[in-house]
Every structure is written in C-alpha cells, then in structure tokens.
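Here, residue 1 is the first one in the sequence, and each next residue gets the next number.
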Amino acid sequence: RMTEITEIQIKEMLKQVEDPELHIDIITLELIYGVKIDGGNVHITMTLTSPGCPYGPVLVEMVKAAAKKVPGVEKVEVQVTFDPIWQPSDDLKAMMGLL
C-alpha cells in the first residue's frame, strides 16, 4: 500500500529550497501558491520574486528535486505564475529589513 503524500510533507521539504538571491526559503518567502497531490504526482504552483528573476529555471529545478525527496512522489510538475504578482507580507518585509 502506498504511503499517502501530504501537502505538509511537500512543504516541509520545500523549506530546504532557498531563494539564491535572498537566502530565505521559498515557504517563508510565500512563493508557493499551491500544492496538489494526485497519487504519486505532485503539482506545485509557485511564483518568483520578480518576472525577470534570473534564477527562475534553477529554482524550479530545486523545487522539483526537493519534492521528489518525499517518499512516494513519482512525478513533480511545477507551474510558475505571476498572477498574482509576488508581494512580500509586512512580516516578511520586516524579516528582510525592508520595514
């Protein structure tokens, strides 16, 4: 019997993925908009800190690699969206020293 994969497990693993510029993990940065799980297939909807982010493709590969570490995950699809455009929350701005 296959182990049930949970969104919590996926997000825990994604906490290990850091934005190469900001050095903060993508969960804390609120870059993950959604995680859908269908058996061993995981579909992640995420955004980048800016549409022109040069690390976009690298970050997507890092997200795929991290999600695949969860037992039972066979396939990971990552969809990058800019709807809505990423806006750091006030808590995040404070953490980044922007407030």
Distance in Å, [X] [atom1] paired with [Y] [atom2], rounded so as to fall on 0.5 Å steps:
X     : Y     : atom1 : atom2 : answer
Asp38 : His43 : CG    : NE2   : 11.5 Å
Leu29 : Met95 : CG    : CE    : 6.5 Å
Ile10 : Thr6  : CD1   : OG1   : 7.5 Å
Leu22 : Thr28 : CG    : OG1   : 11.5 Å

* Asked: Going by the side-chain hydrogen bond (donor to acceptor under 3.5 Å, both in side chains) test, which pairs reach into residues 84-99, not counting sequence neighbours?
  ->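 Sorted pair list: Glu30-Ser89.
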Between Glu4 and Gln9, the two heavy atoms sitting closest are O-OE1, 3.4 Å
Looking at residues at least two apart in the chain, or sitting in another chain, which of them share a salt bridge (Lys or Arg N to Asp or Glu O under 4.0 Å) with [X]?
X     : value
Lys15 : Glu12
Lys36 : none
Glu21 : none

* Can you hop from Tyr33 to Ile8 via hydrophobic side chains spaced under 4.5 Å? ->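 Per the 4.5 Å side-chain linkage, Tyr33 and Ile8 are not co-clustered.
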Residue set satisfying side-chain hydrogen bond (donor to acceptor under 3.5 Å, both in side chains) with Lys11, at least two apart, ordered chain then number -> Glu7
Close side-chain approach of Asp25 and Leu14, heavy atoms under 4.5 Å
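With C-beta onward as the side chain, the pair stays apart.
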Any non-hydrogen side-chain atom of Ile24 less than 4.5 Å from a side-chain atom of Asp19?
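The answer is no; the side chains never approach within 4.5 Å.
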Listed pairs under 3.5 Å, donor-acceptor, residues 44-67 side chains, sequence neighbours left out:
unit_1: Thr47; atom_1: OG1; unit_2: Thr81; atom_2: O; d: 2.7
unit_1: Ser50; atom_1: OG; unit_2: Cys53; atom_2: N; d: 3.3

Set out, in order, the CA-CA distance, both residues' side-chain angles and the distance that settles side-chain contact (heavy atoms from CB on, under 4.5 Å) for Val70 and Val42, then state yes or no. CA-CA 10 Å; Val70 175; Val42 177; over 6 Å; no
